[in-house]
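The basis for the numbers below is simple: all heavy atoms, side chains too, and nothing from hydrogens, waters or symmetry mates. Residue numbers start at 1 and run along the sequence shown.
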Amino acid sequence: MADQKVSVLQRKNLSFEDFLTVKDFITADNLAKARSESKTSNRNLFDYLVSERYLSEEDLTKARGLFFNLPYIDLRNKSVNKELLEISSKSTITTYKFVPFELTDNVFKVALTDPSDMGALQALEFLAQKNRYRIELYITSYSSFQSVLQHSGNITKEVNQALEEVVAKEKIEFQKQQAKPQEVVEQKLAEEAPISKIVDVVVRHAIEARASDIHIEPSEDDLRVRYRIDGVLHSSLILPKTVHASIISRIKILANLKIDEQRLPQDGRFHINLEGKPIDFRVSTFPTVVGEKIVLRILDKSTGAPTLEELGIDGRRLQAVKDAIVKPHGMFLMTGPTGSGKSTTLYSILSILNKPGVNIVTLEDPVEYFIDGVNQAQIRPEIGLTFASGLRSILRQDPNIIMVGEVRDRETAELAVNSALTGHLVFSTLHTNSAVGAIPRLIDMGIEPFLLTASLNLLAAQRLVRKICDKCKTPTKPTEGIEKIIHQLIENVDKSELEGIDMKSLKVYVGRGCPVCGNTGYKGRVGIYETLVISKAIQDMINDRQPAGKIQEYAIREEKMILMQQDGILKSLRGLTTPEEVIRVTKE
C-alpha cells in the first residue's frame with residue numbers, strides 16, 4: 001500500500017490535460033475547444049469532455065489510471081461479494097467513492113474513482129492497519145462504482161433472511177397464536193421485526209431503483225411485488241402467501257389505516273426520511289378475490305418541481321405556455337390519461353407563478369407535492385368536500401390563481417369557467433386523448449361554446465416517454481419502416497422546429513443497455529406535448545360548433561400546431577428518446 005501510494009501521489013511536470021493529448025486520448029484541437037466551451041458554460045472540463053462525447057467515461061478513467069500508474073478495472077458487469085463491502089462502513093464507501101472488490105490471501109483489492117483524494121487514501125491506510133491487509137489499488141469509473149452499489153443490495157437475499165426469522169418465530173409461537181383471534185395475530189405479526197424489515201427492504205430498493213410505484217399483489221399461491229420504473233412495471237420479488245396479511249397490516253399501520261377493514265378500499269399516506277431525503281408515500285388498498293392488493297405511490301419531495309424545459313416543453317409549445325400563464329385571467333387545461341404527468345406540469349407552472357404578491361389556492365385529489373407559499377387543500381368527498389363545493393369556498397378566499405385537480409363533472413366545469421370569466425387564472429386537468437378533445441368534452445358537460453371561447457386561453461396535452469440512457473446511448477441509422485414514419489410525421493412541420501436536425505442523413509439513437517440503466521437502454525422520462533392556442537379563428541370555429549377534427553386540421557395547417565407524436569419524433573431525432581418509444585406511447 002505504501003509503495004503504491006507513493007507512486008499514486010508522485011506527479012510529473014506534465015498536467016493531466018496535456019497527458020491526454022500526449023497519449024492520443026484526445027487531439028489538441030478538441031481539447032482546446034472543450035476547454036473554451038466548458039469555461040463558457042461554467043462546467044468542469046472533464047465532465048464536459050464525457051457529456052459532449054469528446055471522450056468516453058471509461059477511456060477517461062483508463063487515461064487517469066495511466067497517469068497515476070494504477071491498473072484500470074471495469075466493475076460494471078462484475079459481481080462483488082456483499083461481505084467485502086461490509087468490511088468498511090457504507091458511509092465511508094459513499095463518501096470516498098471506493099469499492100473493495102476482492103480479498104485473497106490477505107491482499108485486499110480496492111478500486112478508487114479519484115486517486116488524488118487524500119481522504120480516501122488515508123481511510124484505506126487506516127483500514128489496512130486495522131485488519132492487517134495489504135491493499136492493492138485500482139482505478140474504476142464512477143459508473144462502475146454506482147453499478148456495484150446498486151447491485152450490492154440483493155433484495156431477494158435480504159428478504160429471505162427476514163422470512164427465515166418469520167418462520168422461526170412462527171414455529172416457536174405456533175400454539176400460542178392458534179389460541180388467539182386472527183385479528184390479534186395479524187397485528188402482532190405486523191409489529192414483529194422480520195415483517196418490518198421486509199417492508200423496509202422493499203421500500204428502500206424501490207427508491208434506489210427510481211420506481212414511481214410499488215405494487216404488492218396477492219395470488220392464490222404467493223405474493224408478488226412489482227415496481228413501476230419509467231412507466232413500465234417490472235417484477236421484483238415473489239413472497240410466500242403466508243406473509244401477505246402481515247405485510248398489508250404493517251403498511252396499514254404506517255399509513256394510519258384500519259387494520260381490520262379488508263372489505264373496502266382505503267387511502268392514506270406516510271412519510272420517511274431516507275439518507276436525509278424526505279419521501280412521501282401515497283397508499284391505496286383494494287380488496288380482490290384472493291386478498292387485499294396495495295399500491296404505494298412514491299413522492300420524492302427533495303427533488304422539487306422541475307422547470308418547463310426540464311419537463312420537455314420546447315419550441316413553439318414552450319412559448320405558448322409562457323404566454324398563457326402570464327395572462328391575468330382565463331383557463332389553462334392540461335389533458336391526458338392517468339399517469340401522463342399532467343399534475344407535475346401544473347406544479348411546475350405554479351412554482352413559476354408562486355410569488356409573495358400572489359394568492360394561489362389549490363384543490364387536489366390527492367395533494368402530491370407540497371409547495372411552500374401555496375394554499376393546498378385535499379378533497380374529502382365522504383364529508384362533502386368535493387371539487388365543486390371546494391371551488392365555491394376557494395372563490396371566497398380572494399384568490400388570484402386557482403388550481404383544480406380535475407374537471408370531473410358539469411358543476412365543477414361551470415364553476416371553473418365562471419371563475420376564469422370573473423378575473424381568476426384557473427388551471428386544471430381533463431381526461432382526454434388530445435388537446436382539441438377537451439372542447440367537445442366540455443360542451444358535452446353542458447358548457448356553452450360562447451362561454452368556452454371567452455374563458456379558454458390554452459389547451460395542452462401530454463404523454464411521458466422513456467429517455468435513452470446517457471451512459472449507453474449510441475447513434476444508429478433508422479430502419480426503412482421507421483424512416484418512412486419519421487418523414488410522414490414531420491413532412492409539414494414548421495422549419496424552425498427542425499433546427500439542428502439533418503434531414504438528408506437521418507440519425508436516431510438507441511440505448512445499448514448497461515448496469516446504470518439496468519440493461520433496459522432507458523433511464524428517466526421526458527414529456528411530449530401539443531398545445532392549442534385559442535386564437536380568434538379557433539374561437540369562431542368553436543362558436544360554430546365545428547367538429548374537433550376540423551379545428552385540429554385548421555390549427556395544424558394555419559397555426560403550425562405540432563402534435564404530440566410529432567414532438568416525440570423531433571425529440572427522438574435529437575437523441576432524447578427512440579421512435580419506437582414515441583409510437584408505443586402515442587398509438588391509439
Side-chain angles (χ1 to χ4, degrees), residues 313 315-337 340 342 345-346 349 404 406-410 412-463 488-497 528-568 586 588:
I313 307 178
R316 296 166 69 93
R317 292 152 305 290
L318 179 61
Q319 193 56 51
V321 171
K322 286 183 174 178
D323 290 344
I325 66 177
V326 296
K327 292 188 176 180
H329 56 81
M331 189 157 62
F332 178 140
L333 289 180
M334 282 299 311
T335 72
S340 61
K342 302 185 299 296
T345 301
L346 291 186
I349 291 170
V404 182
E406 186 186 340
V407 175
R408 293 178 180 172
D409 51 47
R410 176 174 182 166
T412 308
E414 286 177 343
L415 285 164
V417 167
N418 288 331
S419 301
L421 291 172
T422 53
H424 303 94
L425 192 55
V426 179
F427 296 93
S428 192
T429 68
L430 200 61
H431 283 145
T432 62
N433 290 328
S434 63
V436 75
I439 296 169
R441 179 72 189 278
L442 289 167
I443 291 173
D444 286 345
M445 285 182 178
I447 305 301
E448 290 295 333
F450 73 90
L451 291 175
L452 271 187
T453 57
S455 60
L456 276 178
N457 290 339
L458 184 70
L459 295 171
Q462 74 175 94
R463 300 287 189 279
Q488 285 174 347
L489 285 172
I490 62 177
E491 183 180 3
N492 298 316
V493 166
D494 188 74
K495 300 303 178 194
S496 65
E497 299 283 355
I528 56 175
Y529 295 84
E530 65 185 36
T531 54
L532 179 66
V533 179
I534 310 301
S535 63
K536 179 66 172 65
I538 288 177
Q539 286 178 343
D540 292 340
M541 294 181 80
I542 295 172
N543 283 328
D544 292 342
R545 294 184 181 266
Q546 293 281 346
K550 290 269 187 185
I551 296 172
Q552 182 165 292
E553 283 175 18
Y554 174 84
I556 293 168
R557 185 179 67 251
E558 301 296 334
E559 302 189 358
K560 309 300 182 186
M561 178 185 178
I562 299 284
L563 300 179
M564 273 183 297
Q565 199 170 43
Q566 293 172 318
D567 186 35
T586 57
E588 294 183 1

Using only atom types and a distance under 3.5 Å, with no angle test, would you say the side chain of [X] pairs donor to acceptor with the backbone of [Y]?
X      : Y      : answer
Thr335 : Ala460 : yes
Asn457 : His329 : yes
Ser455 : Gly330 : no
Gln319 : Arg316 : no
Thr586 : Gln565 : no
Asp567 : Leu563 : no
Lys342 : Pro337 : yes

Do NZ/NE/NH1/NH2 and the carboxylate oxygens of [X] and [Y] come within less than 4.0 Å?
X      : Y      : result
Asp540 : Lys536 : yes
Arg463 : Glu530 : no
Glu553 : Arg557 : no

From [X] atom [atom1] to [Y] atom [atom2], the distance as rounded to the nearest 0.5 Å:
X      : Y      : atom1 : atom2 : result
Glu558 : Ile538 : CD    : CD1   : 10.5 Å
Thr453 : Asn543 : OG1   : CG    : 4.0 Å
Gln462 : Thr429 : CD    : OG1   : 10.0 Å
Ile528 : Arg317 : CD1   : CZ    : 10.5 Å
Gln552 : Glu559 : CD    : CD    : 12.5 Å

Hey, mind stepping through Phe332 and Leu425 against side-chain contact (heavy atoms from CB on, under 4.5 Å) and telling me if it holds? CA-CA 8 Å; Phe332 178 140; Leu425 192 55; 5.9 Å; no
If you compare all heavy atoms of Leu532 against all heavy atoms of Leu458, which two are closest, and at what distance to 0.1 Å?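 Distance-wise, the nearest heavy atoms are O-CD1, 3.5 Å.
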